[in-house]
Amino acid sequence: MAKNRQRLSSWLKGKWSQQAKEVLAERYLRKDKKGRVIETPDEMCFRVAKTMASIEKNFGVSEKEIEKITRLFYEAFVRHDFLPNSPTLMNAGIGNDHLQYSACFVLPVDDSLESIFDAVKKAALIHKSGGGTGFSFSRLRAQGSIVQSTRGVASGPVSFMRVFDAATNEIKQGGRRRGANMGILRVDHPDILEFIVCKEEGGITNFNLSVAATDRFMKAVLEDKDYSLIDPHTGKKAGSLKARQVFGKIIEEAWKTGDPGLFFIDRANAGSANPVPQMGPIESTNPCGEQPLYPNESCNLGSINLVNFLKKNDFDWEALRGVVRLAVRFLDDVVEANPYPLEEVRQATLLNRRIGLGVMGWADALFFLEIPYESREAQKLAEKLMRFIHDEAHLESRNLAKARGPFPNFSKSIYKNGPALRNATLTTIAPTGSISIIAGASSGIEPAFALAFKHKANGRELTFVNPYFLAAAKKYHLSVKQVREVEEAGVLGEIKSLPAKLRKVFATAHEISPEGHIRMQAAFQKGVDNAVSKTVNLRHEVGVEEVEKAYLLAYKLGCLGITIFRDG
């Protein structure tokens, strides 16, 4: 470590906010056996950069070039241009091969006790190593079905979800956070009504839930028709339900509890999220829904901090191009260096080498550019931005394929007739809670939740005031009294003395309509290979009918899924 510190003494120094330092010290920086922090934020960045650059010796890269790449990765981190997902920052280079670097996993659950409890065990190992897991329970036979081997009666998917939930409750991810799960059930499963209400009935606390909504079901909803339930064990029709009644129940529960969301499963399987159809179909996603994966597959993510690429009235596209290319190289190195938690996960992941490059700081960027979040101008810029990142990421993946070879399944993929790619998918929009705090940026593509707020965790309280609002307050000559009013209220909307333009530009999550949230998600989805994590935050007084409109609009506009959360 002393040698590393000597090397870093002449390298770029990072600027870390007090909030970033506290979050890093709590969860990311190395500690000794007594729990004392023994690493600085810059040393963490070097540790991660060196670990990933060093793996390039596998591709014949010289030691001199590895030193150069190490420095490029390091400087991207300390400048907060780009940060990888939390497990990479926490675990890379600490010398513990039991702690891996990916955030996203999907595990198969087949219709047998052996498979179910194997999945519970695998999930525990993944949570312990810092990852989150997604499951489809659609293969499990319905409650009340006869089990031929024992002549017993099946208890159904929801009862087994409670087993997964209880196991998750006992394990923290990587010893530092509680495990997270996604539970998905097809809308044509005979137990779909029990699944829809299981959050309200209790016993399911460590799962996000999504109904896998087929195109056939959505068509039946729009046409007010019945649709068929399918017995997963026999593949035969097991009854029918009125589509609008089922859809109405989904909406009602989402309004009450925030769950279930919808995962438009046929759309996901028809597009780039399913790059090797022979391995599919896609059945589930990671816990936040942005990463559809094949059974046993994993993906590592990273996000570009958009605020670092702003200039007077636009983005610095050339600088952005450079960091996109560097980030793709880094994320491909993570695929190579990762000490996978399970052999079957290693094998499935290396076949496709999925990565997920996304963004954070979108709300801050719009504040800087003085573009209202809920505007056509913002949506058009989102499309342009994400298409640019998508195209540059794919170009870099082509370059890596020339030097390192394409992903092994390339000849079976939807890209087989074009230029070789190193990675089957490249872009994802993830929620970036902790790494946004570290980078000093707004989370993912979410609007700001408030312009002034307190963040409470682990017995400490962090206070945030949006710096872009403070800059605008100075530019527009707001009084000290007006600024204090905003700090007290957290939002501008109700303060009528403020300029109308500022109240539009600095609108926060609950001031933006459901349609505004969804149109932004749809705009980003156009440049994303995988999917988009976006919470449609609704005011408490929003009615059930607004939730219904939101879910239908998400389907209409081409989103792969939707999640809502009503305040309170």
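- A side-chain donor-acceptor contact under 3.5 Å links Thr70 to the backbone of Ile66.
- Summarising the geometry, atom CG belonging to Leu326 is positioned 10.0 Å from atom CD belonging to Glu75; distances are rounded to the nearest 0.5 Å.
- Environment of CD in Glu65: crowded, with over 12 heavy atoms of neighbouring residues, nucleotides or ligands closer than 6.0 Å.
- How far CD1 of Ile355 is from OG1 of Thr428: 8.5 Å, rounded to the nearest 0.5 Å.
- Using a distance-only test at 3.5 Å, with no hydrogens or angles considered, a donor-acceptor pair links the side chain of His80 to the main chain of Lys15.
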Review point. Checking salt bridge (Lys or Arg N to Asp or Glu O under 4.0 Å) for the pair Arg404/Glu56: CA distance, chi angles, key distance, verdict?
Key: CA-CA 10 Å; Arg404 305 178 179 184; Glu56 296 202 6; 3.1 Å; yes

Practice item. Please test Asn296 against Glu344 for side chain to side chain donor-acceptor pair (under 3.5 Å), starting from the C-alpha separation and ending with a verdict. Key: CA-CA 6 Å; Asn296 288 317; Glu344 51 267 57; 5.5 Å; no

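- Proximity of Trp11 to Val78: side-chain heavy atoms (C-beta onward) are nowhere separated by under 4.5 Å.
- Interatomic distance, CZ of Phe135 versus CG of Leu185, reported as 14.0 Å (0.5 Å rounding).
- In Lys68, the NZ atom is not crowded: 12 or fewer heavy atoms of neighbouring residues, nucleotides or ligands sit closer than 6.0 Å.
- Between Asp316 and Arg321, none of the side-chain N atoms (NZ, or NE/NH1/NH2) sits under 4.0 Å from a carboxylate O, so this pair counts as no salt bridge.
- Side-chain atoms of Asp266 come within 3.5 Å of backbone N or O of Asp215 as a donor-acceptor pair.
- For Arg387, the side chain to side chain donor-acceptor pair (under 3.5 Å) test picks out His390, with sequence neighbours left out.
- Under the 4.5 Å side-chain criterion, counting only non-hydrogen atoms from C-beta, Phe449 is not in contact with Ser443.
- Looking at Arg47, its side chain does come within 3.5 Å of a backbone N or O of Leu89 through a donor-acceptor pair.
- Two rings, from Trp317 and Phe309, have their centers 6.0 Å or more apart.
- Applying the side-chain hydrogen bond (donor to acceptor under 3.5 Å, both in side chains) test to pairs two or more places apart or on separate chains, those with a residue in residues 406-421 are Asn352-Asn409.
- Within the structure, salt bridge (Lys or Arg N to Asp or Glu O under 4.0 Å) contacts touching residues 269-292 (residues at least two apart or in different chains) are Arg139-Glu283.
- Side chains of Ser210 and Pro260 form no contact here, defined as non-hydrogen atoms less than 4.5 Å apart.
- Residues Leu400 and Phe59 form no side-chain contact, since every pair of their non-hydrogen atoms from C-beta on lies 4.5 Å or further apart.
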Exercise for review: Go through the steps for Leu350 and Phe407 under the test side chain to side chain contact (heavy atoms under 4.5 Å, CB included), then give the verdict.
Suggested key: CA-CA 7 Å; Leu350 291 177; Phe407 64 92; over 6 Å; no

Point to revise | Trace of the side chain to side chain donor-acceptor pair (under 3.5 Å) decision for Thr349 with Ser298 | key: CA-CA 6 Å; Thr349 303; Ser298 69; 2.8 Å; yes

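- Gly361 approaches Val307 most closely through the heavy-atom pair O-CG1, 3.7 Å.
- Cation-pi geometry between Arg71 and Tyr74 is not met at under 6.0 angstrom from the ring centre and within 45 degrees of the axis.
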Review point. Hey, mind stepping through Glu343 and Arg346 against salt bridge (Lys or Arg N to Asp or Glu O under 4.0 Å) and telling me if it holds?
Key: CA-CA 5 Å; Glu343 177 58 23; Arg346 186 187 73 83; 2.7 Å; yes

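- Residue Ile389 forms a side chain to side chain contact (heavy atoms under 4.5 Å, CB included) with just one option from Val323, Val324, Leu426, and that option is Val324.
- Atom CG of residue Asn85 and atom OG of residue Ser434 lie 11.5 Å apart, to the nearest 0.5 angstrom.
- Side-chain contact between Tyr28 and Ile438 is present, with at least one heavy-atom pair separated by less than 4.5 Å.
- Checking Asn423 against His394 by side-chain atom types alone, no donor-acceptor pair falls below 3.5 Å.
- With hydrogens and angles ignored, the 3.5 Å screen pairs no side-chain donor or acceptor of Gln525 with any backbone N or O of Ala522.
- For the pair Arg186 and Phe263, the cation does not sit on the ring face, since its NZ or CZ is not both under 6.0 Å from the ring centre and inside 45° of the axis.
- In this structure, Lys122 places its NZ atom where more than 12 heavy-atom neighbours from other residues, nucleotides or ligands lie under 6.0 Å away.
- Asn300 pairs with exactly one of Cys104, Pro87, Ser102 by the side chain to side chain contact (heavy atoms under 4.5 Å, CB included) rule, that one being Ser102.
- The salt bridge (Lys or Arg N to Asp or Glu O under 4.0 Å) analysis of residues 349-365, with sequence neighbours excluded, yields the pairs Glu297-Arg354, Asp332-Arg353, Glu336-Arg353.
- Taking Ala420 as the reference, Ala401, Pro406, Phe410 meet the side chain to side chain contact (heavy atoms under 4.5 Å, CB included) condition, with sequence neighbours excluded.
- With hydrogens and angles ignored, the 3.5 Å screen pairs a side-chain donor or acceptor of Ser115 with a backbone N or O of Asp110.
- Donor-acceptor pairing under 3.5 Å is recorded for the side chains of Trp16 and Asp42.
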Practice item. Take Arg329 and Glu396 through the test salt bridge (Lys or Arg N to Asp or Glu O under 4.0 Å) and record every step on the way to the result. Key: CA-CA 8 Å; Arg329 182 172 187 152; Glu396 181 61 16; 5.4 Å; no

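- Within 6.0 Å of NZ in Lys380 there are 12 or fewer heavy atoms belonging to other residues, nucleotides or ligands.
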Practice item. Let me see the working for His98 and Ser129 under side chain to side chain donor-acceptor pair (under 3.5 Å), right down to the final yes or no. Key: CA-CA 7 Å; His98 297 294; Ser129 70; over 6 Å; no

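- For the pair Thr432 (side chain) and Gly444 (backbone), a donor-acceptor distance under 3.5 Å is present.
- A heavy-atom distance below 4.5 Å is found between the side chains of Ile518 and Ile562.
- Between the OG1 atom in Thr427 and the CE atom in Met386 there is a gap of 5.0 Å [rounded to 0.5 Å].
- Within the 4.5 Å cutoff, the side chain of Val536 has no heavy atoms near those of the Phe565 side chain.
- Asn274 CG to Leu293 CG: the interatomic distance, rounded to the nearest 0.5 Å, is 11.5 Å.
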Review point. Which is it for Asn308 and Asp81 under the side chain to side chain donor-acceptor pair (under 3.5 Å) test, yes or no, and what are the steps along the way?
Key: CA-CA 6 Å; Asn308 282 14; Asp81 289 347; 2.8 Å; yes

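- Contacts classified as ring pair (Phe, Tyr, Trp, His ring centres under 6.0 Å) and involving residues 322-341 (residues at least two apart or in different chains) are given here: Phe73-Phe330, Phe77-Phe330, Phe82-Phe330.
- Between Tyr294 and Ser284, every side-chain heavy-atom pair lies at or beyond the 4.5 Å cut-off.
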Check your understanding: Given Phe164 and Phe137, is the ring pair (Phe, Tyr, Trp, His ring centres under 6.0 Å) satisfied, shown in steps?
Key -> CA-CA 11 Å; Phe164 283 78; Phe137 294 96; 5.3 Å; yes

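- Taking all atoms of both residues into account, the shortest heavy-atom contact from Arg30 to Glu39 is N-OE1, 2.9 Å.
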